[in-house]
Protein chains: 2
Amino acid sequence: MQDALTRKLESFEELTDADRAALRALVPRLRQVPARTDLIQEGDKPENVHLILDGYACRYKVLPDGQRQIMAFFVPGDFCDLNVFILDQMDHAIGTISPCKTVEIPRHAIEDITAHHPRVTRALMWCALVDEAVLREWLVNIGGRQADQRIAHLFCELLLRLEAVGRVTDNSFPFPFTQTDIADTMGLSDVQVSRSLRELRALGLIHLKRRVLTILDVEQLKAYCGFNPNYLHLRNARWSGRRQVPWLSSVRGE
Amino acid sequence: MQDALTRKLESFEELTDADRAALRALVPRLRQVPARTDLIQEGDKPENVHLILDGYACRYKVLPDGQRQIMAFFVPGDFCDLNVFILDQMDHAIGTISPCKTVEIPRHAIEDITAHHPRVTRALMWCALVDEAVLREWLVNIGGRQADQRIAHLFCELLLRLEAVGRVTDNSFPFPFTQTDIADTMGLSDVQVSRSLRELRALGLIHLKRRVLTILDVEQLKAYCGFNPNYLHLRNARWSGRRQVPWLSSVRGE
DNA sequence: CGGTTTATTGAAAACCTTCAAAGGCGGTGG
DNA sequence: CCACCGCCTTTGAAGGTTTTCAATAAACCG
């Protein structure tokens, strides 16, 4: 288990033996969480950092009028709350979409490590920075594109992120989101999501059935929404030469 | 000058003498930058971290079709790119709105310090985390509210952020943004921004003239858009008891 | 298989954008 | 000091996108 974490971080930054030893000293808790369950709620004091090993989760906030806004999706290999664990109080919630296998790492353990292991700190920061770049792109997406293209953009992003962790076969991947989930993510009504999906299907760009999404024409879908993958920062030197992040597949059997 | 930086960070985290000495060893460059000028452009390799001492700047991205999306505003006391300086390549640009007084801190200097001064690192992370919380709230704002309320929310946020650094008097503050700037921030057309401002004026909530914005009724404006300031994390223990961040006023005379 | 959730569709209304024109404001130069 | 120019703002009208409401159909889940 610790091995999984070590490998993920090493794909960003070279670690020393001392760094690795410190990471091994962690006692992470493995959890199986049902679908539609909160990992943390707004107002909670973050005690643990959550790493998703399997399944999908999301970061969201509920407004006083009951409106929900989803601000991030988490796929296998993602830290949910690395970027907020320092804060005294959660200003949003994190919940599962599908059933998830997660790891909890105590907050103090992260703090101890970062206090003494600058390379680990840098690797963790890199993870957080990419998450933030994704968040910025979502703002661009919602602010600047109309419904069909917003959704197309989301599909392109998920395809690349899931490919990076080896969860895509033949341009298909699990898609447990309801149309209401997508609506709350994209600032749309669920009705409009339904219509947009119909449009994307009619254009022959996607196939979505039984919670599996297939991108029928990747290049055309990217062109349709003007997708530019640079914000995912997948092609950096530290990452290059690896088709797939190895630490994930090694975990699956556990 | 270094003093300014030290004090800002100390409002987040207690530093040791060694930490302070390391910060003093920095040789920051003070710059006066004209309005509407890029500090960094998309594709650049980030070499410096920019700190705004005076004026307003923004983080933005331009889509292939010429559409501009503004993703953050920077006010005095804000780091522009603390959260991206690790990345190999900028995936967006940062430019001034008004004339700005800025400080450039070399990237390697930050890296050296964070490698050896965990408390400084934590303080910098805190800054970055609050920036990200603001970004999340912008997503909520654009995704969930309609034009008038979006703009009202932005005004509430700016009021609090500028109050925290002592730049508000009688609920008034400099407002150098054009309506097109606001439009590109909120994912609206400039025409709609104009109409929304008319509405907010008609409701007696704001007064905006000659690039000065006055909030006429703070509580009602907050109620109008359902503003919840918790995401700014201004009331945390480390911050409490200080009406104003002292390090900014000490810089103004320089 | 029955009940519940999720997805689809139509029609009307709300919101926002686009286009176009006019008015205001500030700065510059005569 | 005034006239002019450019940029920014305001307003109207038409059109497009999206939401809302409501009803039906399909998929999912014990």
Side-chain angles (χ1 to χ4, degrees), chain A residues 34-37 56 63 65-70 95-99 141-154 174-202 206-213 224-225, chain B residues 34-37 56 63 65-70 96-99 141-154 174-203 206-213 224-225:
Chain A
R36 310 286 159 181
T37 306
Y56 297 149
L63 299 185
D65 64 357
Q67 155 109 288
R68 176 182 65 156
Q69 177 68 45
I70 292 176
T96 59
I97 297 285
S98 66
N141 198 30
I142 294 185
R145 282 184 263 258
Q146 53 195 36
D148 312 12
Q149 291 159 9
R150 273 185 223 179
I151 293 170
H153 193 278
L154 176 66
F175 195 84
F177 308 99
T178 67
Q179 293 187 358
T180 302
D181 290 335
I182 304 176
D184 291 347
T185 305
M186 292 307 180
L188 296 167
S189 66
D190 47 3
V191 174
Q192 187 65 10
V193 170
S194 180
R195 291 193 226 273
S196 297
L197 289 176
R198 180 178 57 186
E199 175 70 12
L200 292 177
R201 271 190 275 248
I206 64 161
H207 178 87
L208 173 55
K209 199 142 205 173
R210 298 177 170 274
R211 311 264 111 124
V212 171
L213 177 64
Y224 185 72
C225 59
Chain B
R36 310 286 159 182
T37 306
Y56 297 101
L63 299 186
D65 63 357
Q67 156 110 290
R68 176 182 65 157
Q69 178 68 45
I70 292 177
T96 58
I97 298 286
S98 66
N141 198 29
I142 294 184
R145 281 184 264 258
Q146 52 195 34
D148 310 11
Q149 292 159 10
R150 270 184 225 179
I151 293 171
H153 193 279
L154 176 67
F175 195 86
F177 308 98
T178 66
Q179 293 187 358
T180 303
D181 290 334
I182 304 176
D184 291 347
T185 305
M186 292 306 181
L188 296 166
S189 65
D190 48 2
V191 174
Q192 187 66 11
V193 171
S194 180
R195 291 193 226 274
S196 297
L197 289 176
R198 181 177 58 185
E199 177 69 11
L200 293 177
R201 271 191 274 247
L203 290 169
I206 64 160
H207 179 86
L208 174 52
K209 199 142 204 174
R210 299 175 171 273
R211 308 267 112 121
V212 172
L213 177 64
Y224 185 73
C225 60

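For clarity, every value in this text was computed on a predicted model and none was experimentally measured. Letters A, B, ... mirror the listed sequences (proteins, then strands); counts begin at 1. Reckoned from all heavy atoms, side chains included, excluding hydrogens, waters and symmetry mates.
- Contacts with DNA chain C (heavy atom under 4.0 Å) in residues 174-186 of chain B: none are found.
- The distance from atom CZ of B:R211 to atom P of C:dC25 is 12 Å, rounded to the nearest whole Å.
- Note: CD1 (B:I151) to P (D:dT9) measures 12 Å, nearest angstrom.
- The CG-C1' distance, from B:L200 to D:dT10, rounds to 15 Å in whole Å.
- Note: CG (A:L208) to P (C:dA7) measures 8 Å, nearest angstrom.
- OP1 or OP2 of D:dT11 sits under 4.0 Å from a side-chain N or O of B:R198.
- Using a 4.0 Å cut-off, no side-chain N or O of A:R36 falls inside it from OP1 or OP2 of C:dT5.
- Residue pairs that meet the salt bridge (charged side-chain N to carboxylate O under 4.0 Å, His left out) test with at least one member in residues 175-197 of chain A, sequence neighbours left out, are A:R36-A:D181, A:R68-A:D181, A:R68-A:D184.
- Classified by interplanar angle (parallel below 30°, tilted 30° to 60°, perpendicular above 60°), the ring pair B:F177/B:Y56 is tilted.
- Although no hydrogens or angles enter the test, the distance criterion places no donor-acceptor pair under 3.5 Å between the side chain of B:S98 and the main chain of B:P176.
- A:R150 comes within 4.0 angstrom of no nucleic acid atom, judged by non-hydrogen atoms across all strands.
- Residue-level contact check: A:Q146 touches the backbone only, with heavy atoms under 4.0 Å from sugar-phosphate atoms and none from bases.
- If you check the side chains of B:R145 and B:H153, you find a donor sitting under 3.5 Å from an acceptor.
- A donor-acceptor pair under 3.5 Å links the side-chain atoms of B:R201 to the main chain of B:L208, judged by distance alone.
- Atom CZ of B:R145 is separated from atom C1' of C:dC15 by 17 Å (rounded to the nearest Å).
- In terms of modelled atom types and a separation under 3.5 Å, the side chain of A:T96 and the main chain of A:P99 share no donor-acceptor contact.
- Between the P atom of C:dA7 and the CG atom of A:L213 lies a distance of 13 Å, rounded to the nearest Å.
- Rounded to an integer number of Å, the gap from CD1 of A:I142 to P of D:dT18 is 13 Å.
- Residue contacts shown for B:R195 include a base, since a base heavy atom lies under 4.0 Å away.
- Put simply, CD on B:Q67 is 10 Å from P on C:dT17, counting in whole angstrom units.
- Note on A:R201: only backbone sugar-phosphate atoms sit closer than 4.0 angstrom, heavy atoms only; bases stay farther off.
- Considering only side-chain atoms of B:R210, the nucleotide from C:dC16, C:dG26, D:dT11 that sits closest is C:dG26.
- Residue contacts shown for B:L188 are limited to sugar-phosphate atoms, with no base heavy atom under 4.0 Å away.
- Under the 4.5 Å side-chain criterion, counting only non-hydrogen atoms from C-beta, A:T178 is not in contact with A:I97.
- The nucleotide whose nearest atom lies closest to any side-chain atom of B:Q192 is, among D:dT20, D:dT11, C:dT17, C:dT17.
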